[in-house]
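Quick note: residue numbers are just sequence positions, from 1. Computed from heavy atoms alone, side chains included, the values below leave out hydrogens, waters and symmetry copies. Just so it is clear, the model here is predicted, and its values are computed rather than measured.
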Amino acid sequence: MLTIADISKSYGTRELFSDVSLFVARTDRFGLVGANGAGKSTLFNLILGEESPDTGTITWERGADFGFLPQESAPAGDETILHLATSGKKLVPENDDDYDIDWTLEPRAKKILAGLGFRETDHEKPANTFSGGWVMRAHLARLLVSEPALLLLDEPTNHLDLEALLWFQDYLTRYPGGLLIISHDRAFLNALCNGMLELRGGTLHRYTGNYDDFLNEKDARKAQQLAQYKNQQREIAHLQKFVDRFGAKASMASRAKSKEKQIERLQEEAVEAPVEELKRVNFRFPQPPRSGLKVINLSHVQQAYGDHVVYRDLNFEAERGQRIVLVGPNGAGKSTLLKILAGVIPIQGGERELGSNVVAGYFAQNRGDNLNTKATVLENVMELRTEANQLTEQRARTILAAFLFRKDDVFKPVGVLSGGEKSRLALARLLVDPPNFLLMDEPTTHLDIASIDALVLALKQYEGTLVFISHDVYFIRALAQNVLHVHSGRLTPYAGDYDYYLDKSKATNERAALTAGFTDARPVQQAAAAAPAPAPKAEKAKKISPNEVRKLRTEVSRLEETVAQLEAKQAELAAELESPDTYAVAGRAQHLNRELTAITDQITTATQEWEAAALRLEQAGGETANG
């Protein structure tokens, strides 16, 4: 389908790669990895024809087409979302003789849009009224609808929530064409790739298998290369020792000369010593001031967006040194809880109390929320200078260098930075005055794999308190010591790591469990309605007739049965959400989560009605249905 033969590319004196060759068949599904600046995006640009190689050729099989999804932005005009999604193919005949119309196109587009999170009411809305992330989803739908022979995807998961990501991943497992993917998501690469390509040292290295296979094979190759290098160096040293000892003796001169030629041949054919990739993010958090044992306490917090109530009676407490990951369905309130904890949104009721000597720091999912987009990289760090930290330009540049902003890079305007560069700059700002209470919303988004590894290492050494949201299971497993499940205004704590949560929640899929809406039998925080008004001072209770007692007892039994039926339905929906098969059906997970939220609210209402009826029955001197 695609043949790349001996291509080279340089920018000025810098050679990006040399004599790179690759053959891509229709069944190939490659992940493309490499350090920052290795040339991944440039290779894509060469394949797309947006740049030309200095030497070599790129040849497409006749009839093969490709589709490309860029990492950052794609155009959107007045066309509707549905029109954008179907713009790769014809929708209606141009004349009476046009019988080649694909009449399944629009239904297929609607199914794909649903899988990517669009509601049916979004289909006829202009694309330019949506945010950049949703426009990217519409362009992704366009690619999937048109089904090119080869999909080139540059960080395609950055703009997807986990439910859409799981649907997209499952869809690609059945995609009829080839794939070439740049991604930092290990689970995504493991699920889809049958080969890995690594750009390193100006050369393209090919590996068989998925990302985990690549890591294992790379380590094995590196060990083999190191052993060959050491053996050759030992042999060269042994021969050189003979030359040094006998080269000056006439009787041994011919043999010494022969040994010198052997050394020359070995040096020409010598295996180079394996080298570590350059340009890696490498940092550690300066340890923040120690906080008190109690870091934060939320008491009876209420929060709503218009008529949509997120929390009615939220109670939460965190202690020093805890590492908590928030999980639960999309829209359950995870990001809202993180913002409440960080103090970036005011609460509408209740109390938020920080502990002694606690300093909160918030790492927003939208990196622009943390950055001054009109300033340069260096100015974004220098604006954090205070009398206390006495930040100098030299120290600021040292911090930025650890995040790969070197030399003139520090003078780049933030507005022109890539998503990965914005993420690295946001992390760099945290190092100026590290907080001892760190709140992070999807911190791995836009970071490459090497940068994620560096962040994991730094956070493992961080001695403050960490609460975060992530859909990267690798990142969660590396850091989380506690899991907090958020659903319908309720918080369910799990006093263990992510594997403990999977075991206790009976989840069957480690990624789907991140957005599951199930509950378990342990006590949970009640999303209760407003507290009942205090009862008036009692007059002497009126005697209730036996007939009224019987009616109350019947009412209590009816309400108890209603609660039981609702809880059974809740368990049924939760079980379906845990099933991987659910995510193969476009929009099914979103529908189930909405239905589960409604059922949970009905359980709350029915339980309150049952409690009130049971109290009236008890006051009447009767017995409850359980009595």
Side-chain angles (χ1 to χ4, degrees), residues 3-24 28 30-40 42-43 46 53-58 193-282 404 406 448-450 453-454:
T3 303
I4 299 172
D6 301 320
I7 63 169
S8 301
K9 185 67 180 177
S10 299
Y11 294 103
T13 59
R14 183 187 172 215
E15 184 179 65
L16 203 56
F17 38 76
S18 175
D19 297 327
V20 165
S21 296
L22 176 67
F23 176 80
V24 182
D28 284 330
F30 287 124
L32 178 60
V33 296
N36 289 292
K40 300 187 294 294
T42 300
L43 182 59
L46 294 173
D54 299 332
T55 62
T57 59
I58 297 176
C193 294
N194 57 22
M196 296 296 299
L197 305 171
E198 183 191 28
L199 272 171
R200 173 168 44 88
T203 303
L204 189 67
H205 303 267
R206 179 171 175 170
Y207 300 81
T208 301
N210 61 22
Y211 186 78
D212 285 345
D213 297 326
F214 151 70
L215 291 179
N216 293 332
E217 189 177 347
K218 182 180 178 182
D219 286 343
R221 288 187 190 183
K222 188 175 178 180
Q224 184 181 25
Q225 182 182 350
L226 181 60
Q228 288 179 321
Y229 172 78
K230 287 181 176 179
N231 288 337
Q232 288 178 333
Q233 293 304 308
R234 275 196 296 269
E235 188 172 356
I236 289 171
H238 176 71
L239 293 170
Q240 188 63 50
K241 187 176 181 181
F242 183 93
V243 172
D244 293 342
R245 184 175 180 183
F246 299 111
K249 294 186 178 182
S251 61
M252 303 291 286
S254 62
R255 289 187 64 189
K257 194 69 176 173
S258 175
K259 301 290 186 186
E260 283 182 337
K261 289 182 179 178
Q262 272 186 266
I263 291 172
E264 288 174 7
R265 284 197 301 272
L266 284 171
Q267 287 175 335
E268 287 175 4
E269 301 168 358
V271 174
E272 293 183 359
V275 293
E276 291 297 326
E277 294 86 344
L278 301 176
K279 284 197 166 186
R280 278 185 177 273
V281 171
N282 184 18
L404 310 183
R406 295 167 181 155
D448 62 21
I449 291 173
D453 286 337

Can you tell me how far the [atom1] atom of [X] sits from the [atom2] atom of [Y], to the nearest 0.5 Å?
| X | Y | atom1 | atom2 | answer |
| --- | --- | --- | --- | --- |
| Arg406 | Leu404 | CZ | CG | 5.0 Å |
| Leu204 | Asp19 | CG | CG | 12.0 Å |
| Leu22 | Leu32 | CG | CG | 9.5 Å |
| Thr42 | Phe17 | OG1 | CZ | 6.0 Å |
| Arg221 | Gln224 | CZ | CD | 9.0 Å |
| Tyr211 | Ile449 | OH | CD1 | 3.5 Å |

Exercise for review: Check the pair Lys257, Glu260 against salt bridge (charged side-chain N to carboxylate O under 4.0 Å, His left out), reporting the backbone distance first and the verdict last.
Suggested key: CA-CA 5 Å; Lys257 194 69 176 173; Glu260 283 182 337; 3.8 Å; yes
Where [X] and [Y] come nearest, the two heavy atoms and their spacing:
| X | Y | answer |
| --- | --- | --- |
| Thr208 | Glu217 | N-OE1, 3.6 Å |
| Phe23 | Asp28 | O-OD2, 3.8 Å |
| Arg200 | Lys218 | NE-CE, 4.0 Å |
| Ser18 | Ser8 | CA-OG, 3.5 Å |
| Lys40 | Leu199 | N-CD1, 3.6 Å |
| Phe30 | Cys193 | C-SG, 3.9 Å |

Review point. Step by step, would you call Leu266 with Leu239 a side-chain contact (heavy atoms from CB on, under 4.5 Å)?
Key: CA-CA 10 Å; Leu266 284 171; Leu239 293 170; 3.7 Å; yes
Study note, to complete from the structure: Tested for side-chain contact (heavy atoms from CB on, under 4.5 Å) against Leu46, the lone hit among Val20, Ile7, Ile4 is Ile7
**Study point:** Full working for side-chain contact (heavy atoms from CB on, under 4.5 Å) between Gln262 and Arg265
**Key:** CA-CA 5 Å; Gln262 272 186 266; Arg265 284 197 301 272; 3.3 Å; yes
Review point. Run the side-chain hydrogen bond (donor to acceptor under 3.5 Å, both in side chains) check on Asp244 and Gln240 step by step: do they pass?
Key: CA-CA 6 Å; Asp244 293 342; Gln240 188 63 50; 2.9 Å; yes
Check your understanding: Do the non-hydrogen side-chain atoms of Lys9 and Pro53 ever get within less than 4.5 Å of each other?
Key -> no
Exercise for review: List the steps and the verdict of side-chain contact (heavy atoms from CB on, under 4.5 Å) for Met196 and Asp213.
Suggested key: CA-CA 9 Å; Met196 296 296 299; Asp213 297 326; over 6 Å; no
**Study point:** Audit row: His238, Arg234, side-chain contact (heavy atoms from CB on, under 4.5 Å) steps and yes/no
**Key:** CA-CA 6 Å; His238 176 71; Arg234 275 196 296 269; over 6 Å; no
Exercise for review: Determine the sole option in Asp6, Thr3, Thr57 for which the side-chain hydrogen bond (donor to acceptor under 3.5 Å, both in side chains) test with Ser21 is passed.
Suggested key: Asp6
Point to revise | Neighbour count >12 (heavy atoms, 6.0 Å) for atom CZ, Arg245 | key: no
